[in-house]
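Keep in mind that this is a model prediction, so the values were computed, not measured. In what follows, chains are A, B, ... by sequence order, proteins preceding strands, each numbered from 1.
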Number of protein chains: 2
Amino acid sequence: MAYSEQYIDKLRKSGLRPTKQRIKICEVLFDVEKTFHFTIKELVKIIENQANIKVSLATVYNTVHAFIKKGYLKEIPLNASQSYYDTNVTHHHHFFDEEENKLIDIHQDDVDEVNIKRTIPGKKIRSVEVIAKIVSDNQSQK
Amino acid sequence: MAYSEQYIDKLRKSGLRPTKQRIKICEVLFDVEKTFHFTIKELVKIIENQANIKVSLATVYNTVHAFIKKGYLKEIPLNASQSYYDTNVTHHHHFFDEEENKLIDIHQDDVDEVNIKRTIPGKKIRSVEVIAKIVSDNQSQK
DNA sequence: TCAACAGTTTAGAATAAATATAATGTATTA
DNA sequence: TAATACATTATATTTATTCTAAACTGTTGA
Ligand SMILES: [Mn+2]
Ligand SMILES: [Mn+2]
Ligand SMILES: [Zn+2]
Ligand SMILES: [Zn+2]
């Protein structure tokens with residue numbers, strides 16, 4: 001259980017008790033090579049598959065929200081019947097594949113700084129996100 | 001009933017029968033000075049207020065979807081429990097006021113062309129949308 | 001003109017994501 | 001280890017959206 005130590009620390013430092021449910025969710029979310037995007041439904045399935053413990057749906061929701069609050073997850077603005085979440089919390093943009101219903105990261109470096117030549121009095125910009133919707137390129141290439 | 005003629009034409013040309021419900025919804029959506037953003041709930045309220053007829057919730061949903069399909073409305077990608085719709089179907093971007101839960105248009109001219117230096121093999125970009133989240137600027141200005 | 005038909009509306013039921021409830025369980029700390 | 005605050009859970013609730021199927025209406029062509 002060596003690597004779960006880091007999650008116990010992480011949780012404690014955040015003022016969250018390191019319960020076995022939360023530690024498991026940390027492992028699923030953060031103990032991976034690459035960041036990824038998921039829905040609650042998908043996360044539940046991943047936990048079910050690789051867990052020796054049962055985690056209730058309510059706890060999955062609670063934990064995801066707690067992690068968002070702490071900045072360990074981001075919610076992705078996508079028009080869908082369900083929310084998407086991102087383990088990549090750096091500032092970046094997305095392709096959204098409308099056929100696969102999958103998000104693909106676009107690094108900040110791969111998009112020129114978005115320059116908005118307009119302001120709203122009394123308001124400041126908190127975040128700027130680009131979503132590029134993509135579909136299959138079925139061009140008849142001559 | 002002079003101006004409703006144009007909506008009757010519009011509907012007929014789209015292969016949609018010009019029913020009194022659809023004509024009324026056209027008036028509410030398109031017979032206004034400015035384009036605007038709305039949720040289904042808000043649209044139902046507007047119809048209720050200015051209509052002499054009753055339009056069922058199912059018809060409001062059906063009609064909005066039919067109009068999206070015809071390109072008369074756009075759905076706005078926003079992370080929310082409900083969908084936002086836009087009567088401005090030109091290519092443009094948005095501020096989203098997180099406190100008021102309101103969308104504000106940003107004309108295409110007010111944002112430099114978003115240049116994405118990355119492609120996905122076999123996929124083409126269908127649309128690029130910028131969403132800038134804004135909040136109150138409560139800075140203590142010295 | 002009007003019957004036939006396809007398209008439309010509607011109330012109400014069904015679905016499903018998300019949240020709330022409240023009882024039970026557990027990590028923490030003194 | 002006892003007290004307590006925090007967390008988990010099954011279950012109920014909420015709410016946006018979609019589905020269903022019966023009634024209704026716009027269109028068409030005989
Ligand atoms: Mn949420
Ligand atoms: Mn929903
Ligand atoms: Zn991402
Ligand atoms: Zn708009």
Side-chain angles (χ1 to χ4, degrees), chain A residues 1 4-5 7-28 37-45 47-48 51-70 72-73 75-85 101, chain B residues 1 4-5 7-26 28 37-48 51-70 72-73 75-85 101:
Chain A
M1 304 267 149
S4 68
E5 284 299 325
Y7 302 123
I8 293 175
D9 280 0
K10 183 179 179 132
L11 289 166
R12 278 225 186 79
K13 275 179 199 146
S14 312
L16 299 170
R17 288 187 182 167
T19 63
K20 55 186 190 312
Q21 292 85 348
R22 283 173 176 166
I23 294 164
K24 170 50 76 180
I25 292 173
C26 278
E27 286 172 19
V28 165
H37 308 98
F38 63 92
T39 63
I40 293 290
K41 209 171 161 184
E42 288 165 353
L43 179 55
V44 166
K45 198 167 290 176
I47 295 167
E48 269 174 10
N52 28 350
I53 60 165
K54 170 157 203 312
V55 180
S56 76
L57 185 60
T59 296
V60 175
Y61 273 104
N62 289 341
T63 304
V64 165
H65 285 145
F67 287 2
I68 288 170
K69 207 166 173 183
K70 294 298 176 185
Y72 303 148
L73 289 176
E75 204 163 354
I76 303 297
L78 253 195
N79 186 7
S81 47
Q82 64 197 349
S83 282
Y84 282 73
Y85 302 94
N101 263 54
Chain B
M1 306 264 150
S4 69
E5 284 299 325
Y7 300 124
I8 293 175
D9 280 359
K10 184 180 180 132
L11 289 166
R12 279 226 185 81
K13 275 180 197 143
S14 312
L16 299 170
R17 286 188 184 168
T19 62
K20 56 186 192 310
Q21 291 86 349
R22 283 174 175 165
I23 294 165
K24 170 50 75 181
I25 293 173
C26 277
V28 164
H37 308 100
F38 64 92
T39 63
I40 293 290
K41 210 169 160 183
E42 289 165 353
L43 179 54
V44 166
K45 199 167 288 176
I46 299 169
I47 294 167
E48 267 174 10
N52 27 351
I53 60 165
K54 168 156 203 311
V55 180
S56 76
L57 185 59
T59 295
V60 174
Y61 273 104
N62 288 342
T63 303
V64 165
H65 286 146
F67 286 3
I68 287 169
K69 206 166 172 183
K70 295 297 175 184
Y72 304 149
L73 289 176
E75 204 162 355
I76 304 296
L78 253 196
N79 186 8
S81 48
Q82 63 197 349
S83 283
Y84 282 74
Y85 303 93
N101 263 54

Requested in this report: Would you name the heavy atoms of B:I76 and B:Y85 that are closest together and state the gap between them?
Outcome: CG1-C, 4.5 Å

Query raised in the report: Could you give the OH-to-C1' distance, from B:Y85 to D:dT17, as a whole number of Å?
Result: 8 Å

Query raised in the report: Under 4.5 Å between any side-chain heavy atoms of B:C26 and B:F67, yes or no?
Result: yes

Report summary line: A:K70 atom NZ is separated from D:dA7 atom P, nearest whole Å, by 10 Å

Pick out the pairs of N or O atoms, protein on one side and nucleotides 8-11 of chain C on the other, that lie under 3.5 Å.
from   : atom 1 : to    : atom 2 : distance (Å)
C:dT8  : OP1    : B:R17 : N      : 3.2
C:dT8  : OP1    : B:R22 : NH1    : 2.5
C:dT8  : OP1    : B:R22 : NH2    : 3.3
C:dT9  : OP1    : B:T19 : OG1    : 2.5
C:dT9  : O3'    : B:Q21 : NE2    : 2.8
C:dT10 : OP1    : B:Q21 : NE2    : 3.2
C:dT10 : OP1    : B:K54 : O      : 3.0
C:dT10 : OP2    : B:S56 : N      : 2.9
C:dT10 : OP2    : B:S56 : OG     : 3.3
C:dT10 : OP2    : B:T59 : OG1    : 2.9
C:dA11 : OP2    : B:K54 : NZ     : 3.4

Query raised in the report: D:dA16 P sits how many Å from B:K45 NZ, rounded?
Result: 11 Å

Requested in this report: Specify the separation, in whole Å, of atom CD1 of A:I53 and atom P of C:dT26.
Outcome: 12 Å

Report summary line: Closest non-hydrogen atoms of B:V55 and B:V60, given as atom of the first, atom of the second and distance, are CG1-CG2, 3.8 Å

Report task. Starting from P on D:dA16, measure out to CG on B:L43 and report it in whole angstrom. Result -> 14 Å

Query raised in the report: Starting at NZ of B:K41 and ending at P of D:dT17, how long is that distance when rounded to a whole Å?
Result: 10 Å

**Report entry** B:P18 or B:Q82, whichever maps to the more 5' nucleotide of DNA chain D
**Finding:** B:Q82

Query - Minimal non-hydrogen separation, A:I47 against A:K24, with atom names - result: CG2-CG, 4.4 Å

Report task. Check whether any side-chain nitrogen or oxygen of B:Y61 sits under 4.0 Å from OP1 or OP2 of D:dT17, and answer yes or no. Result -> yes

Query raised in the report: How long is the line joining CG of A:D9 and P of C:dT28, in whole Å?
Result: 12 Å

Query raised in the report: Think A:S83 has a side-chain N or O under 4.0 angstrom from the OP1 or OP2 of C:dA18?
Result: yes

Query - Side chains of A:Y72 and A:L11 in contact at under 4.5 Å (non-hydrogen atoms) - result: no

Query raised in the report: Could you give the CD-to-C1' distance, from A:E75 to C:dA18, as a whole number of Å?
Result: 11 Å

Query raised in the report: For D:dT18, does either OP1 or OP2 sit under 4.0 Å from a side-chain N or O belonging to B:H65?
Result: yes

Query raised in the report: Is there a donor-acceptor pair under 3.5 Å between the side chain of A:R22 and the backbone N or O of A:R17?
Result: yes

Query raised in the report: Sequence neighbours excluded, which residues qualify as salt bridge (charged side-chain N to carboxylate O under 4.0 Å, His left out) partners of B:E75?
Result: none

